[in-house]
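Report on the following structure.
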Amino acid sequence: MGKALYRKYRSKKLSEVVGQDHITTTLTNALKSGQISHAYLLTGPKGTGKTSVARILAHEVNGLPYEDDSMHLDIIEIDAASNRRIDEIRDLREKVNLAPTSAKYKVYIIDEVHMLTREAFNALLKTLEEPPDHVIFILATTELHKLPDTIISRTQRYSFKPISPTDMVPHLKYIAKQEKITIDDEALTTIAVHANGGFRDAISLLDQARGGGNNITATTIENLLGRAPKELIQKCLECINSGDGYAALQIVTELTIDGHSPEIIAIQMINEARALLLDNKMSLELALKLMTDLLEVAKSTNPSISLELAILRNGGQENKNALPVDKVVHKQNVDPKPEPKRAIAEVVLAKELEKGAPTKPATGTPTKLWTETLEKIKGQHNTLYGVLRMAEFKETGPLSISLGFQFPFHIKRASEARHLEVIHSTLKLISGKDYEIQFIKSTMSPAKAEKEEKKPEKEQKGSSDLSKIRDVFGDAELLD
C-alpha cells in the first residue's frame, strides 16, 4: 500500500516546517540554550503543523532522531478525543511518576486536548502545574476557547497561523517535482487557496489530483472540487454588477442543473465579489449586501432558493432584453435530462397547488384537448402542471400547437427535454395524433393590463423584492 503524500512529506526537523517561522525560530533557540519548559500548548487551525512540531520537539529535547514511523517508549501520544474521561487522566497521573526507560525526558503529547471533560481537566491540573522533573507535556488543540484558563496559564503557548499560498505553493511544487507530477502554477495556486491555510489539506488534494493523470491544470482541480467554472461565476457577478439580475439567475440555474452545489456556488461568488471590490470594480454597498446574503446560503434549509433570492435582491432592475427568447420549436425523440433541483418558481407553484389555490386562467381559451392534457399531467407531474397552466394554448395547424408564455423562464422550464417528453406523449395519448409543439413568448392580455391600472398606487408599487420576483416568474402566488 502506498503512503499518503502528507505522511511521506511530514516535516522531520523544525527547519522543514512551512510557514511557522515565528514558532520554529523560538523553539530552536530555546533548545540550543537548554531553556526547556515543563508544558507547551500548541494552538491553531487544522493542518498547520501542530502535531509535527510536537513530535519533533519531543525527539529534540531527548536528542533522538525522528523518523515518521519511529516509536519510543518515553514519547507517549494520547488522543484526547477517545481518551477524554477522568479515568484515563488518573491513569496518566499515576504513570508520570515512573522514570523514563532510556531517554532524558518522558514526553506526553495530548492531541485535541480541548476534548477532555471538565473532571479530566481538573485531574490534569495539579500534575500540569508541578510535574516531575523528568516529564514534559505538549498539548495541541484547534479550539483554544474550550480550554480552561487554569490550563492555559500553566503552559508556554504557541499560536500557529494559517499558511499563506505564498509559502505553500513553492513547497507543493517541490513535492510535485519529487513525485514526477506535471502540474502548472495556476493549479498549484488553486490548491493552495482552496486549502484555506491548511497544508495537510493541500497535500492531500495534490495526492488526489495525481490520480487523474499527468498535465494537471486549474480546470482539473476545479472539477475535482466540484466547483463551477470560474468564467461563469465571473459572468454572473458581472450581470449582478450591471443590474441584470435575470441573466445572473439564468447562469445560476444552469449551474445547479449541471449538478453544482448552491453552497459552493455561493462561496465562489463571495470570493469573486471580494476580488471585484478590491479592484474597485464593485461598489462597497453592493459588495457588502451581496456577500452578506450569500453567506446565508449554507445556513438555509433550502440553499438553492436562498441563492436565487440573494441574486434577485442584489441584481437591480432586470434587463428584460438581456436574454431574449423569440420562438423555440421542439419535436419528439430528444434525450431527456435528469431531474434538476427545483428553483423558486417551481417551489412557489408547488406550494400553491398544495394549498388548493385556483388555477390562473390562461390568456387564451383552452380547448377540450388542452384541458384534458392538463388534467392528465396534473395527476402525475405537479411541477410541470404548475408551469403549463400559465400557457396560452393555440392549435396552429392540423398537427401543430403553440404554447405561449409571458416570461422566458417558463419557456425554458416547459421546453426542457424531460418536460417536452411528458407533454408530447400525453397529447398523443389523448388525441392519437403526433403534434409538433412550439413554445413562444406571449404578451399580457388587455384584461389583465386594465386590472393592473385600477389597482391603488400603493398596491401597484408593492415591495421592490416582490416586484422583481413577479417580473421574472409571473403572477404565481408569492409566499411569505
Side-chain angles (χ1 to χ4, degrees), residues 246 249-250 253 257 305 308 320 325 327-330 332 336-337 339-396 400-431 433 435-452 466-480:
Y246 176 72
L249 190 64
Q250 290 281 55
T253 300
I257 289 175
I305 291 180
E308 292 178 348
K320 294 184 173 61
V325 179
K327 180 183 288 187
V328 186
V329 181
H330 290 281
Q332 182 64 355
K337 294 182 180 179
E339 184 73 22
K341 298 180 180 179
R342 298 196 301 172
I344 293 175
E346 293 177 283
V347 174
V348 171
L349 293 170
K351 290 287 186 183
E352 190 174 339
L353 290 173
E354 291 172 7
K355 292 169 60 179
T359 301
K360 174 188 171 182
T363 54
T365 303
T367 65
K368 182 180 180 182
L369 169 62
W370 186 238
T371 302
E372 293 178 0
T373 300
L374 285 178
E375 286 300 316
K376 187 74 174 177
I377 292 175
K378 179 180 179 181
Q380 301 176 0
H381 305 277
N382 273 353
T383 299
L384 176 58
Y385 166 73
V387 176
L388 293 181
R389 66 189 186 137
M390 296 186 179
E392 178 183 359
F393 176 86
K394 289 183 181 180
E395 292 191 70
T396 56
S400 63
I401 64 170
S402 70
L403 298 178
F405 294 91
Q406 290 181 3
F407 302 104
F409 179 85
H410 297 138
I411 295 178
K412 181 177 178 62
R413 282 297 186 209
S415 61
E416 288 174 2
R418 66 191 189 285
H419 290 160
L420 178 62
E421 169 72 23
V422 173
I423 301 169
H424 189 277
S425 59
T426 305
L427 283 168
K428 188 172 183 179
L429 178 67
I430 294 173
S431 66
K433 297 179 181 179
Y435 281 98
E436 179 184 90
I437 305 171
Q438 295 179 321
F439 296 91
I440 63 175
K441 186 173 181 181
S442 63
T443 58
M444 182 185 292
S445 65
K448 182 176 178 182
E450 182 180 353
K451 181 180 178 182
E452 191 73 15
L466 293 182
S467 297
K468 293 174 186 175
I469 295 176
R470 285 195 181 96
D471 285 345
V472 178
F473 299 124
D475 279 343
E477 180 183 357
L478 296 172
L479 306 179
D480 291 334

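Worth saying up front: this structure is predicted, and the values here are computed from it rather than measured.
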Margin query: Under the criterion side chain to side chain contact (heavy atoms under 4.5 Å, CB included), I'd like the reasoning laid out for I423 against Y435: C-alpha separation, chi angles, the key distance, then a yes or no.
Written below: CA-CA 10 Å; I423 301 169; Y435 281 98; over 6 Å; no
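- For the pair K394/I440, no side-chain contact is recorded, criterion being any heavy-atom separation below 4.5 Å from C-beta on.
- With values rounded to the nearest 0.5 angstrom, E436 atom CD is found 7.5 Å from T396 atom OG1.
- Using a 4.5 Å heavy-atom cutoff, the side chains of K433 and L427 are not in contact.
- Contact annotation: the side chain of Y385 never approaches that of T373 to less than 4.5 Å [non-hydrogen atoms, C-beta and beyond].
- To the nearest 0.5 Å, atom CD1 of residue I411 and atom NZ of residue K441 are 7.5 Å apart.
- The two residues L420 and F439 have their closest heavy-atom pair at CD1-CE1, 4.0 Å.
- Here CD1 of I430 is found 7.5 Å from CD1 of I377. Values are rounded to the nearest 0.5 Å.
- Residue E395 holds its CD atom at 6.0 Å from CG of L369, rounded to the nearest 0.5 Å.
- The closest side-chain heavy-atom distance from E372 to T426 is not below 4.5 Å.
- Shortest non-hydrogen contact noted between L374 and R389 is CD2-N, 4.2 Å.
- Residues F393 and T371 are not in side-chain contact: their nearest non-hydrogen atoms beyond the backbone lie 4.5 Å or more apart.
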